[in-house]
Amino acid sequence: MKVFAIAPYEGLKESIIELGRNQDFELHVEVGDLEKGVELASRAADQGFDIIISRGGTAELIQKKVSIPVIEIEVSGYDMLRVLTLVKDYPGKAAIVGFPPISEGAATVCQLLEIDISPFVISKEEEVKPTLRQLLENGYEVIIGDVITVKEAENLGLNGVLITSGKESILKAFQNAKKMHSYFSILRRKLSIAQQILQEEEEGFVVFDKTFNSVYSNTCFTEQLNKTFKASINIEEAVTEVTSKGEYTSLIENNNVFWKVKGTKLQGFEIPLVLFRLQRVESNQKTLSDGINIISSLMNSSPIKSSFIKSNQMKMVIESAERYSEKEESIWISGEKGTGKEKLAHYIHYRSSKRSFPLMTINCSLLAAEQWNLLLSEEEGLLASNNNGTIFLKNIDSLALSNQKELLSYLIKNNSKSRIIASSGENILNLIESGAFLNDLYYLLAQLTLSLPPLSKRKEDIDHIARIFINEFNTKYGKQIAGIRNEAIGELENYSWPGNITQLKQVINETVVLSSGPFIEKEDIHYILKTKLKEAEMSQLEITGTLEEIEQRIIRQVWLEEGMNQTKTAERLGINRTTLWRKLKEL
């Protein structure tokens, strides 16, 4: 044990050195009162001393400035009796002036012995001079106190009597120092064990104070999760929620691993502290990341620009979505593939009160059946981990019947606080009628419904959607396309768009890449759409059977596409009307 003793006066230093020779610890002693003593103590703490010993006001000031234990040399009853016996017969008025440990102790002894000496308590060094001047004016002649008080009293012409510490007080301070060191050694050993366990823990721990600054984190958090946590969690909102409500839960994804975030208050500290524990949700070797995406709470931009929409039908959908976002009920979004169901789900989430929590998208068409067991675990599953956010069940119509039953059972059994949004691209009522989808699950998830129109029913929106995509791909490819010709927009509006907005985005993407001028021309769009039309025809054409059967299917398809107009059908097939009429009779 290394002890640094700071004596306010020279005589105490000599006594400490003398009594310290027989002690079983390393001792270093310096003289310093109040601020000088604090300076010495700070230096000692930096030099690796275990304990500091000092006295009176100096000890009090040191305790506020250093983190190592400070043992006070008490002013004992013996010390008080010695000095009061010395001065009780002094002529003139006497006063005791000092910090509480001295002045209050002396006052108690005076009261017990009925000695007429008045106590005056000071709390800081700057109060000494004004107090002594006031006592001088009031006729006091003798001042009893510590070093700084006695010095100032003598400077004012008063008689100063120093309260000294005897060997009993010094030896008691040595004993207390040993006890304190033993206690802190045990505590440090326990803390070292706890620290090592936390540092080797495979879960992340981080602690924030009320000013949102991190005051502790373990190795797992620092090396693996720090950047993702700060990018995904609004720290001020999370700390405030724990402080006000007592808890906080969220979910983050880091390198295809999901982590449940739980915030709680730490008790027993002078300042409020909030602990966030990050627990790995998925420990199985099978990964869920291919079918699940988590968007952090900090992404708050709306994915739909409602002010650009011209279609009345689409405007009604957006208005309904905005009203629904304020409710807690589950929402079912239906619509053809590529109509923007996922973007609408994002829009609802970011307009809702849950926008500060994660949006978890589960693509039901990508998850294997057995992975639902990991997803639906009541305590550790991902659904339970995002209890305050939004869960978007994308393409739920592709979910196997067995998994539908598991999901239905989970939702009924667990009263989840999360908002659930589901989407389907198929006619769900037909699937229910055929037994491919559970009636009960649909009506549980479809408390509120939205139906997105196909792009062919909202062609007035093609213009602004195309321009948004042009800007996006200008940025992506470093192009400077300034716009799109009206004739080119006409080409887009005349196309049937079986792939809806997704297909429009693909067409604009290819057009931007191939375009060489400042504007997208009609010819650019026509070339791309012609290619798409051929691809569609090839994908729809069944080439099984004999050559004659394939020819019959081709003739019938073109005939239907031309509205059963034989002249246009013959022109398109490159045959005369008589030949066409004969072949149609064979169908």
Between Q195 and Y216, does a side chain to side chain donor-acceptor pair (under 3.5 Å) hold up when you go through it step by step? CA-CA 11 Å; Q195 171 76 351; Y216 173 82; 3.2 Å; yes
Are S217 and T222 linked by a side-chain donor-acceptor pair shorter than 3.5 Å? yes
Is there side-chain contact between L450 and Y324, with at least one heavy-atom pair below 4.5 Å? yes
Return yes when atom NZ of K265 has more than 12 non-hydrogen atoms of other residues, nucleotides or ligands closer than 6.0 Å, and no otherwise. yes
Value for CZ (R467) from CD1 (I465), rounded to nearest 0.5 Å, stands at 12.5 Å
Just how far is it from atom CG of L275 to atom CD of Q267, taken to the nearest 0.5 Å? 11.5 Å
Do N395 and L366 have side-chain heavy atoms sitting under 4.5 Å apart? no
Heavy-atom donor-acceptor pair, D524 side chain to I520 backbone, under 3.5 Å: no
For the NZ atom on K457, are there more than 12 heavy atoms of other groups (residues, nucleotides or ligands in this structure) within a distance under 6.0 Å? no
For a quick test of reading the model, state the closest non-hydrogen atom pair linking H464 to I309 and the distance between them. CE1-CA, 3.9 Å
Could you walk me through whether N388 and T249 pass the side chain to side chain donor-acceptor pair (under 3.5 Å) check? CA-CA 7 Å; N388 292 318; T249 58; 2.6 Å; yes
F221: what forms a ring-ring contact (aromatic ring centres under 6.0 Å, His included) with it, not counting sequence neighbours? F229
Stepwise side chain to side chain contact (heavy atoms under 4.5 Å, CB included) test for C220 and L225: CA-CA 7 Å; C220 176; L225 302 169; 4.2 Å; yes
Do I292 and M360 touch side chain to side chain, with heavy atoms closer than 4.5 Å? yes
Shortest non-hydrogen pair, V206 vs S214, comes out as CG2-OG, 3.7 Å
Can you tell which of N234, V239, V274 makes a side chain to side chain contact (heavy atoms under 4.5 Å, CB included) with F212? V239
Do any N or O atoms from the side chain of Q404 and from the backbone of L399 form a donor-acceptor pair under 3.5 angstrom? yes
Side chains of K341 and K394: does their closest heavy-atom pair fall under 4.5 Å? no
Quiz question: by atom type and distance under 3.5 Å, do the side chains of N363 and S365 form a donor-acceptor pair? yes
Working for side chain to side chain contact (heavy atoms under 4.5 Å, CB included), residues R189 and I186: CA-CA 5 Å; R189 186 162 57 251; I186 294 171; 3.5 Å; yes
Among residues at least two apart in sequence or on other chains, which ones pass ring-ring contact (aromatic ring centres under 6.0 Å, His included) with W497? Y495
Evaluate the side-chain proximity of N471 to I468: yes if any heavy-atom separation is below 4.5 Å, no if none is. no
From N509 CG over to Q506 CD, what is the distance, rounded to the nearest 0.5 angstrom? 7.5 Å
What heavy-atom pair brings S496 and S456 nearest, and what distance separates the two atoms? O-CB, 3.6 Å
Atom CG of N255 with >12 non-hydrogen neighbours under 6.0 angstrom: no
Side chain proximity check, F258 to I294, heavy atoms < 4.5 angstrom: yes
Is R355 positioned over the aromatic face of Y350, cation under 6.0 angstrom from the ring centre and no more than 45 degrees off axis? no
Rounding to 0.5 Å, atoms OG1 (T211) and CD (E236) come to a distance of 10.0 Å
Tell me if a side-chain donor or acceptor on N474 pairs with a main-chain N or O of I481 at a distance below 3.5 Å. yes
Do the side chains of S352 and E326 get nearer than 4.5 Å, heavy atoms only? no
Tightest non-hydrogen contact, residues A422 and I396, listed as CB-CG2, 4.1 Å
Output the distance between atom CG (L429) and atom OG (S334), rounded to the nearest 0.5 Å. 9.0 Å
Any donor-acceptor pair under 3.5 Å linking the side chain of S325 with the backbone of E322? yes
Once you round to the nearest 0.5 Å, how far does CD of E510 lie from CD1 of I528? 5.0 Å
Is it true that atom CD of E202 has more than 12 heavy atoms of other residues, nucleotides or ligands lying nearer than 6.0 Å? no
State, without any angle test, whether E472 and Y477 hold a side-chain donor-acceptor pair at a distance under 3.5 Å. no
Taking the basic N atoms (NZ, or NE/NH1/NH2) and the acidic carboxylate oxygens, is any pair closer than 4.0 Å for E493 and K459? no
Do NZ/NE/NH1/NH2 and the carboxylate oxygens of E203 and R280 come within less than 4.0 Å? no
Check: S515 side chain, V512 main-chain N or O, donor-acceptor pair, under 3.5 Å: no
Could you walk me through whether Y248 and F357 pass ring pair (Phe, Tyr, Trp, His ring centres under 6.0 Å), step by step? CA-CA 10 Å; Y248 171 91; F357 293 95; 5.5 Å; yes
Between R458 and Q313, is any pair of side-chain heavy atoms under 4.5 Å apart? no
Side-chain donor/acceptor pairs under 3.5 Å, residues 435-445, sequence neighbours excluded:
none

Kindly indicate, with the supporting measurements, whether the criterion side chain to side chain contact (heavy atoms under 4.5 Å, CB included) is fulfilled by Q447 and I331. CA-CA 6 Å; Q447 295 170 344; I331 300 173; over 6 Å; no
Is it the case that over 12 heavy atoms from other parts of the model lie below 6.0 angstrom from the CD atom of Q199? yes
